[in-house]
Amino acid sequence: MKFLDICLTHQELENSYCKNKIVVIIDVLRASSTINTLLYNKVKYVKPIEKLEECKKLKNHGYIIMAERLGKKVDGFDFGNSPTKINSKEFNGKKVALATSNGTKAILKTKGSKISLIGSFLNLSSIIDYINKENSSVLLLCSGWKGSVNLEDTLCAGGIISELKNFQINSDTVLMAKKLYESSKDNILETMMKSSHAKRLSSYNNIIDIKFCSEKNTQPIIPYLKEEKLILL
Ligand code: MLT
């Protein structure tokens, strides 16, 4: 029997939750969307990093270094965590190191999974199709925001849940995420704009990222974690 479960913040994740499961890390605004965009733009790989100091050191090893705190680019780094600022840049074949407030920390917590995938609205159907073809239990790991549940990650998780088949569901949280998506699936952007992080990004005049991250299936690829690097499946 395949089981389907969800964590609404990475802080609630116990390592044992990942064992032998397909884990999908979801950080819609914006780590998952940025990682998907980087790999869609043919970077060699993305190295998720927790600490800023560690990320910065990689500049001397040929990496493009990207870092975000509180939704803003960190001084001294090449880029922040904006997918629209890197979408047209020449990244072909480059190595990228990325440190974000929640998303990269969430990714690094999933070592020990059967496979760790990066999920967003940009590659929603690719993730769904992959999971439905596999015969494994699944954990959807929402990054959240500093230990709090956020709307956009839960909404995206609901979008995945709504199309999965033949799973045993033991958690009302899964049903809640599915219901959230079903009530909003025709106006994802409008719903996302109500989220606290969208309001934070909007206050920095960054509505373009929110719109970009709300668009479904614009980048049909699957990033996964292999030896602490994110590459294309
Ligand atoms: C996060 O890691 O919480 C987000 O990716 C933050 C952001 O990019 O604004």
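Note that ligands are numbered from 1 as they come in the structure, with each ligand's atoms numbered from 1 the same way. On a predicted model such as this, the values are computed, not experimentally measured, just so you know. Counting from 1, the numbers follow the sequence of the chain as shown.
When N81, T104, T34 are checked for heavy-atom proximity to atom 8 (O) of ligand 1, N81 turns out nearest.
Counting heavy atoms closer than 4.0 Å to ligand 1, residue D27 contributes side-chain atoms (C-beta onward) but none from N, CA, C or O. Using a 4.0 Å cut-off between heavy atoms, L29 contacts ligand 1 through its backbone alone, with no side-chain atom that close. Of the heavy atoms in E68, only side-chain atoms (C-beta onward) come closer than 4.0 Å to ligand 1.
Side-chain rings of F91 and F79 approach one another, their centers coming within less than 6.0 Å.
Listed by number with element, the atoms of ligand 1 under 4.0 angstrom from any heavy atom of A31 are 5 (O). Per-residue contacts place G71 under 4.0 angstrom from the following atoms of ligand 1 (heavy atoms of the residue considered): 9 (O). Within ligand 1, the atoms closer than 4.0 Å to a non-hydrogen atom of N102 are 1 (C), 2 (O), 3 (O), numbered from 1 in the order shown. Within ligand 1, the atoms closer than 4.0 Å to a non-hydrogen atom of G103 are 1 (C), 2 (O), numbered from 1 in the order shown.
The distance criterion of under 3.5 Å between nitrogen or oxygen atoms is not met by L201 with respect to ligand 1.
Among all heavy-atom pairs drawn from S125 and N217, the shortest one is N-OD1, 2.7 Å. Closest approach of I210 to A198, counting heavy atoms only: CD1-O, 3.4 Å.
The closest approach between any non-hydrogen atom of H197 and ligand 1 is below 4.0 Å.
A cation-pi arrangement is present between K2 and F167 under the rule of less than 6.0 angstrom and at most 45 degrees off the ring axis.
Put simply, the side chain of T37 gets close to the backbone of S33: a donor and an acceptor are under 3.5 Å apart.
Around the NZ atom of K44, the shell of radius 6.0 Å holds no more than 12 heavy atoms that belong to other residues, nucleotides or ligands.
Annotation: the span from I6 atom CD1 to C142 atom SG amounts to 4.5 Å, rounded to 0.5 Å.
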